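The shown structure was predicted, so the numbers you read here are calculated from the model rather than taken from an experiment. Atoms within a ligand are numbered from 1 in the order they appear, just like the ligands themselves.
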Amino acid sequence: MIALPESPAAFADATWTDISPYYETLAQVPLSMPPESAQIEAWLSSWSQLDMLIGEAGTLAMIAYTGNTADEAAERAYLRFSMEIFPLLEEQQVRLARKLVAIGWSRPDLETTIRRFRSDIEIFREANVARFAKLEEYSAAYQKRTGGLSVDWDGEAKTIPQLQPYLKSNDRAVRERAFRAGANAYLEHREELASLFDRMLALRQDVARDAGFSDFQRYAFAAKHRFDYTPEDCAGFHAAVEAAVVPAVARLYANRRHRLQVASLRPWDLAVDVDATTPLTPFRTVEEFVNGARRIFSRVDSELGDKFDIMAAEQLLDLESRPGKAPGGYCTDLAFRGRPFIFMNAVGVPDDVQTLVHEAGHCFHDFATHELPFAWQRRTGHEAAELASMSMELLAMPYLVQPEGYYTPEEARIAWLEHFEDVLCSLTHIASVDAFQSWIYTHAEGADAAARDAAWLSIRARFEPEVDWSGLNDERVSRWYRQLHIFELPFYYIEYGLAQLGALQVFRNAVRHGPEAVQAYKRFLALGGTRPLPELYAEAGVTLVFDTDTMRELVAFVEERIVELREGAVSPFGAALTVA
Ligand SMILES: [Zn+2]
């Protein structure tokens with residue numbers, strides 16, 4: 001319908017002036033009345049292709065910048081997309097969405113898309129475009145500050161991710177030193193980060209008020225298309241975690257204290273493997289890391305294994321930690337090319353295996369949704385996206401052991417134990433981060449740095465049993481400054497909890513019924529965002545969990561596996577999963 005460039009390369013150096021004429025043309029196309037599907041679909045297809053071309057150009061700029069935050073040209077390109085182009089693009093999306101919604105046309109596999117369009121139209125305000133651009137600028141400042149942090153470790157500069165192996169050291173003094181070094185790196189910039197957050201918070205509250213919401217939490221629910229649950233449900237989730245998960249974590253930590261033979265469990269005692277005599281080193285080179293993953297995924301499902309092989313062959317993996325690389329890990333989608341990409345900071349610890357398997361779950365989701373014709377159908381909320389990744393973490397578990405995986409049977413037992421323990425502990429962390437954000441945006445004191453830090457301490461006390469933080473209030477406070485979601489992606493966190501509880505159900509189905517659970521998982525992947533959230537979960541064979549009773553059942557399922565593993569079980573997964 002309109003002439004488009006052949007590849008995202010055409011937009012690599014584009015400014016908004018180069019891009020806007022394409023949207024202008026799309027906006028001027030007269031849509032037939034009464035609506036004719038063929039014409040509207042051709043128009044949607046041009047729009048979708050254009051979005052994918054520009055989106056991919058921006059994604060490539062992000063990959064280049066996060067791969068080397070010291071590269072100034074890459075930084076400029078990344079900032080041009082994130083601060084100039086994408087906020088203005090958002091405005092054009094709403095403009096074209098209005099045009100579509102106005103003619104009242106739909107088709108079944110676009111109903112969820114149109115519902116999201118309606119919500120975007122409702123909350124859109126011209127005045128907020130500049131605010132979002134400013135927020136992007138602040139996010140970039142947060143990323144630059146935290147990505148550039150390094151600590152002196154015996155005369156050598158280490159990044160924060162590079163401290164991780166020392167947090168797992170069997171020498172308690174080394175762990176304490178690594179813990180304090182990591183916390184201090186953030187505390188040195190506490191005032192700067194707090195002031196950055198003040199500005200972000202004020203802007204967000206302005207965004208919400210202009211759009212007619214009482215606070216940014218309500219706005220965020222609409223903006224994130226959370227049509228199927230409310231802030232009240234989330235408060236219920238926090239209460240359920242407190243009732244069902246916190247006591248289980250208290251049991252884990254009591255066991256840990258006993259195993260470590262310490263009088264009280266300090267925060268630097270939480271990461272060490274209590275069962276291992278030396279820290280696990282699943283791989284030594286990136287090649288070993290990748291080859292292990294290829295074998296593991298092909299055991300989960302041969303088709304998924306083939307997809308991961310494509311990623312390895314086409315260099316869609318940037319895995320090792322290097323100075324200057326942005327922290328964290330992500331999977332991103334090169335939507336036009338039809339390929340996902342994984343970025344992470346691997347240093348050779350078991351967490352790296354978890355991260356890769358997690359991000360690969362997102363990639364499998366991307367691959368599956370590339371079959372869908374329109375860009376919007378491929379997009380899901382994070383609740384579904386994280387169900388894809390967190391289910392994969394669990395489904396891959398049985399194959400982490402040799403010959404496919406990285407571990408001897410004894411090492412695998414330790415890694416499995418650690419993962420199941422992490423699942424329970426992470427639910428308490430998720431509840432606290434979500435409760436904290438809810439508090440910040442619904443209380444006037446949220447704008448006061450000292451009150452915010454105090455609120456974090458009191459919320460953490462609800463969710464973190466058995467750990468002795470005495471004398472470490474500042475270090476405890478530093479934890480939220482490390483949580484990039486709170487700065488950059490507000491309210492993106494409860495999704496991890498909902499998805500984790502969904503993933504546990506996927507895994508329980510696999511333990512009980514074998515391969516059928518993976519088939520249901522793949523059917524869920526293929527739906528992308530074409531159904532409402534509860535239906536997507538239902539396709540995977542699971543439900544959204546906010547209530548204490550269901551949470552208790554799932555916690556019991558995890559604790560049973562933990563008990564079996566502690567008793568020395570070679571595989572706690574049952575016959576359905578371990579038979580070839
Ligand atoms: Zn994820």
Name the atoms and distances for all side-chain donor-acceptor pairs under 3.5 Å in residues 412-419, with sequence neighbours left out.
{"from": "R413", "atom 1": "NE", "to": "E410", "atom 2": "OE1", "distance (Å)": "3.0"}
{"from": "R413", "atom 1": "NH1", "to": "L565", "atom 2": "O", "distance (Å)": "2.5"}
{"from": "R413", "atom 1": "NH2", "to": "E410", "atom 2": "OE2", "distance (Å)": "3.0"}
{"from": "W416", "atom 1": "NE1", "to": "M397", "atom 2": "O", "distance (Å)": "2.7"}
{"from": "E418", "atom 1": "OE2", "to": "K168", "atom 2": "NZ", "distance (Å)": "2.6"}
{"from": "H419", "atom 1": "ND1", "to": "Q354", "atom 2": "NE2", "distance (Å)": "3.2"}

Side chains of residues 132-141: which donor-acceptor partners sit under 3.5 Å, not counting sequence neighbours?
{"from": "K134", "atom 1": "NZ", "to": "E137", "atom 2": "OE2", "distance (Å)": "3.1"}
{"from": "S139", "atom 1": "OG", "to": "L135", "atom 2": "O", "distance (Å)": "3.2"}

Can you count the protein N/O/S atoms lying under 2.8 Å from the Zn ion (ligand 1), leaving waters out? 4

For E320, I'd like to know if atom CD has over 12 heavy atoms of other residues, nucleotides or ligands within 6.0 Å. yes

Could you tell me whether R294 sits above the aromatic face of F308, with NZ or CZ closer than 6.0 angstrom to the six-membered ring centre and within 45 degrees of the axis? no

Who passes side chain to side chain donor-acceptor pair (under 3.5 Å) against T550, sequence neighbours left out? D547

Determine whether more than 12 heavy atoms belonging to other residues, nucleotides or ligands lie under 6.0 Å from atom CD of E232. yes

